[in-house]
Visitor: 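Structure in structure tokens, see below.
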Amino acid sequence: MSHNFQLRSSVLPLRFFPGGLGARFWCNEPKHLGSNSSVRVAVASPSRTLQRHQAKAKATAKEVGVQETAQGSAALGWAARDASGVLSPFDFSRRAQKDDDVTIKVLYCGICHTDLYTIKNEWGTAMYPVVPGHEILGVVTSVGSGVTKFKAGETVGVGYFLGSCRSCECCGNGYENYCSGMVLTSNGIDREHGGEVTQGGFSDVIVANQDYVVRVPDGLPLAGAAPLLCAGVTVYSPMMRFGLNAPGKHLGVVGLGGLGHVAVKFGKAFGMKVTVISTSPGKREEALERLGADEFLVSRDPEQMQAAFGTMDGILDTVSAWHPISPLFALMKPMGQMVFVGGPTKPLELPAYAIVPGGKGIAGNCVGGIRDCQAMLEFAGKHGITAEVEVIKMDYVNTALERLEKNDVRYRFVIDVAGSLGSTA
């Protein structure tokens, strides 16, 4: 995500160029869904299905061995061939497994708004055919001879990126997500492996360097854990970085969607007071009763906004559609911190007087580094945090993408890849 800050006539236009990871979450409630119809995920022990996958993965590793894996793997995915964004079955090959690589059978993959932008080439970066997907949860089937972090049968995840330069200051400090050489998991250029275009998790198998794979704690429901690899770390990382994780502090969360609802859960687990800020009054019950937020604020109601003036220590803005942001800064205390994790494609204008007198800060955040992602998963495992998901089969994916474009999901679609696509891993 890039930012362009210019001061003109006391107005600060904030321009978020394509590449942001948010979704357009200020939307009406899905008309066809009742209040209890979204798929809820509770903390549970690993399922028998996962145990079968783990056992099979260990057996596969013994049978296949590194020598055969070094020749590469046939893979089956669903890909978009043009800007229509329509996905259909696609046979391709994964790169050969190297000594420091792990091969992963994909079990589940979340659908992010970024996937939709990419397959429709809304950012002008699509390299067709595109297999989307970067919220990948699976089980290790084999490892290279130099792998020390994982073994066959372990449950792991791959997020927004699967490579970086390893030599820059960002990489050295654990912020691979800001490396100029970051390799996207889907629709990226993997220069270390011949400049091939990367294909994502809407597929049955993926190969990744062990340093860009994270371990999924036991007990986290698999489908609900998948979106944490993008949505989860996108909100967790800035909360840790900017001190918006202290018990007793007051956090505002703008937008109750794929990112926002997870932010509420993390905020409450940190012991914070959490207020959801939304344009949709119909989301009040969901925010307060089901997600545990302390307060709900309708941003279009001047009286409610005035009553909350100067009460918040910081705000996470998860919205990627254009929206007025100046009123949001008025909700923060002096020296409060605003963090944008959505990526509006239209400029957002902010009068300088909204931030200068109170010394208020503006920051952006793009997912998180591997270290942050692992820490986030461990925290989620300890506190039983997962995303609220609607699990689908692969043959429903085009309908799901149409619904996602209309913001008709509560709150994340997750594809049961292994249960509906089959595997060549």
Side-chain angles (χ1 to χ4, degrees), residues 53-54 56-77 79 90-107 109 127 129-168 170-172 174 176-177 179-216 229 369-371 373-374 417-418 423-425:
H53 283 304
Q54 291 172 327
K56 185 175 180 181
K58 291 177 181 178
T60 300
K62 293 179 181 179
E63 294 171 1
V64 175
V66 176
Q67 182 176 1
E68 181 178 339
T69 312
Q71 299 174 6
S73 302
L76 172 63
F90 175 58
D91 291 305
F92 64 105
S93 295
R94 288 295 184 187
R95 65 174 175 80
Q97 177 180 284
K98 291 187 173 182
D99 290 345
D100 53 359
D101 286 338
V102 296
T103 299
I104 302 165
K105 176 180 180 179
V106 179
L107 302 180
C109 187
M127 294 173 283
V130 175
V131 177
H134 57 263
E135 297 177 342
I136 304 167
L137 190 147
V139 59
V140 177
T141 58
S142 82
V143 300
S145 59
V147 171
T148 59
K149 299 180 180 180
F150 303 98
K151 60 180 181 292
E154 291 187 316
T155 309
V156 297
V158 176
Y160 187 64
F161 61 94
L162 42 62
S164 64
C165 80
R166 299 174 181 263
S167 60
C168 69
C170 288
C171 287
E176 303 95 340
N177 49 313
C179 171
S180 61
M182 179 179 67
V183 180
L184 301 180
T185 299
S186 171
N187 197 54
I189 302 290
D190 192 351
R191 293 180 177 83
E192 185 178 346
H193 300 97
E196 69 175 19
V197 177
T198 58
Q199 305 292 359
F202 290 19
S203 60
D204 55 5
V205 61
I206 190 167
V207 179
N209 183 282
Q210 65 171 338
D211 292 336
Y212 299 90
V213 178
V214 290
R215 180 171 283 102
V216 178
L229 295 164
I370 297 299
R371 176 188 60 195
C373 193
Q374 188 64 65
V417 177
S423 176
T424 56

Visitor: What are the two closest non-hydrogen atoms of Cys109 and Gly133, and how far apart are they?
Guide: SG-CA, 3.7 Å
Visitor: So, taking the atom named NZ in Lys105 and the one named CD1 in Ile136, what distance separates them when rounded to the nearest 0.5 Å?
Guide: 15.5 Å
Visitor: Which atom names give the shortest non-hydrogen contact between Thr141 and Ala152, and what distance separates them?
Guide: O-CB, 3.9 Å
Visitor: Any idea which heavy atoms bring Phe161 and Gly369 closest together, and the distance?
Guide: CZ-CA, 4.3 Å
Visitor: When you compare the side chain of Asp204 with that of Val106, does any pair of heavy atoms fall below 4.5 Å?
Guide: no
Visitor: Looking only at heavy atoms, what is the nearest atom pair of Lys151 and Val140, with distance?
Guide: O-CB, 3.6 Å
Visitor: Restricting to non-hydrogen atoms, name the atom on Ala75 and the atom on Val205 that form the minimum distance, rounded to 0.1 Å.
Guide: CB-CG1, 3.6 Å
Visitor: Cut-off 3.5 Å, side chains only: do Tyr212 and Ser164 have a donor facing an acceptor?
Guide: yes
Visitor: Looking at Arg191, I want to see if its CZ is surrounded by more than 12 non-hydrogen atoms of other residues, nucleotides or ligands under 6.0 Å.
Guide: no
Visitor: Measure the NE2-CZ distance between His193 and Arg95 for me, rounded to the nearest 0.5 Å.
Guide: 3.5 Å
Visitor: What distance separates Phe92 CZ from Gln199 CD, expressed to the nearest 0.5 Å?
Guide: 5.5 Å
Visitor: Find out whether Ile189 and Val197 are in side-chain contact, i.e. whether some heavy atom of one side chain is under 4.5 Å from a heavy atom of the other.
Guide: yes
Visitor: For Thr185 and Gly159, indicate whether the former's side chain and the latter's backbone hold a donor-acceptor pair under 3.5 Å.
Guide: yes
Visitor: Rounded to the nearest 0.5 Å, what's the gap from CG on Asn187 to CE on Met127? Could you check?
Guide: 4.0 Å
Visitor: Any side-chain heavy-atom pair from Val102 and Val156 closer than 4.5 angstrom?
Guide: no
Visitor: So, Thr155 side chain and Val216 main chain: donor-acceptor pair closer than 3.5 Å or not?
Guide: no
Visitor: What are the two closest non-hydrogen atoms of Phe150 and Gln210, and how far apart are they?
Guide: CE1-O, 3.4 Å
Visitor: Counting only N and O atoms by type, is there a donor-acceptor contact under 3.5 Å from the side chain of Ser186 to the main-chain atoms of Val131?
Guide: yes
Visitor: First locate atom CD of Gln374, then atom NZ of Lys149, and finally report the distance between them rounded to the nearest 0.5 Å.
Guide: 9.5 Å
Visitor: Could you state the interatomic distance from OG (Ser73) to CD1 (Ile104), rounded to the nearest 0.5 Å?
Guide: 11.5 Å
Visitor: Side-chain contact test, heavy atoms from C-beta onward, threshold under 4.5 Å: evaluate it for Glu154 versus Val213 and give yes or no.
Guide: no
Visitor: Take Val147 and Gln97, measure what side chain to side chain contact (heavy atoms under 4.5 Å, CB included) needs, and give me the verdict at the end.
Guide: CA-CA 11 Å; Val147 171; Gln97 177 180 284; over 6 Å; no
Visitor: In terms of side-chain heavy atoms, does Arg94 have a donor or acceptor partner in Ser203 at a distance below 3.5 Å?
Guide: yes
Visitor: Should Asp100 and Asp211 count as side-chain neighbours, where that means a heavy-atom distance under 4.5 Å?
Guide: no
Visitor: Measuring only between side-chain heavy atoms, which start at C-beta, is Tyr160 closer than 4.5 Å to Leu184?
Guide: yes
Visitor: In sequence, state the C-alpha distance, the side-chain angles, and the governing distance for Ile206 and Leu162, and then conclude on side chain to side chain contact (heavy atoms under 4.5 Å, CB included).
Guide: CA-CA 10 Å; Ile206 190 167; Leu162 42 62; 4.1 Å; yes
Visitor: Within the 4.5 Å heavy-atom criterion, are Val214 and Ile370 side-chain neighbours or not?
Guide: yes
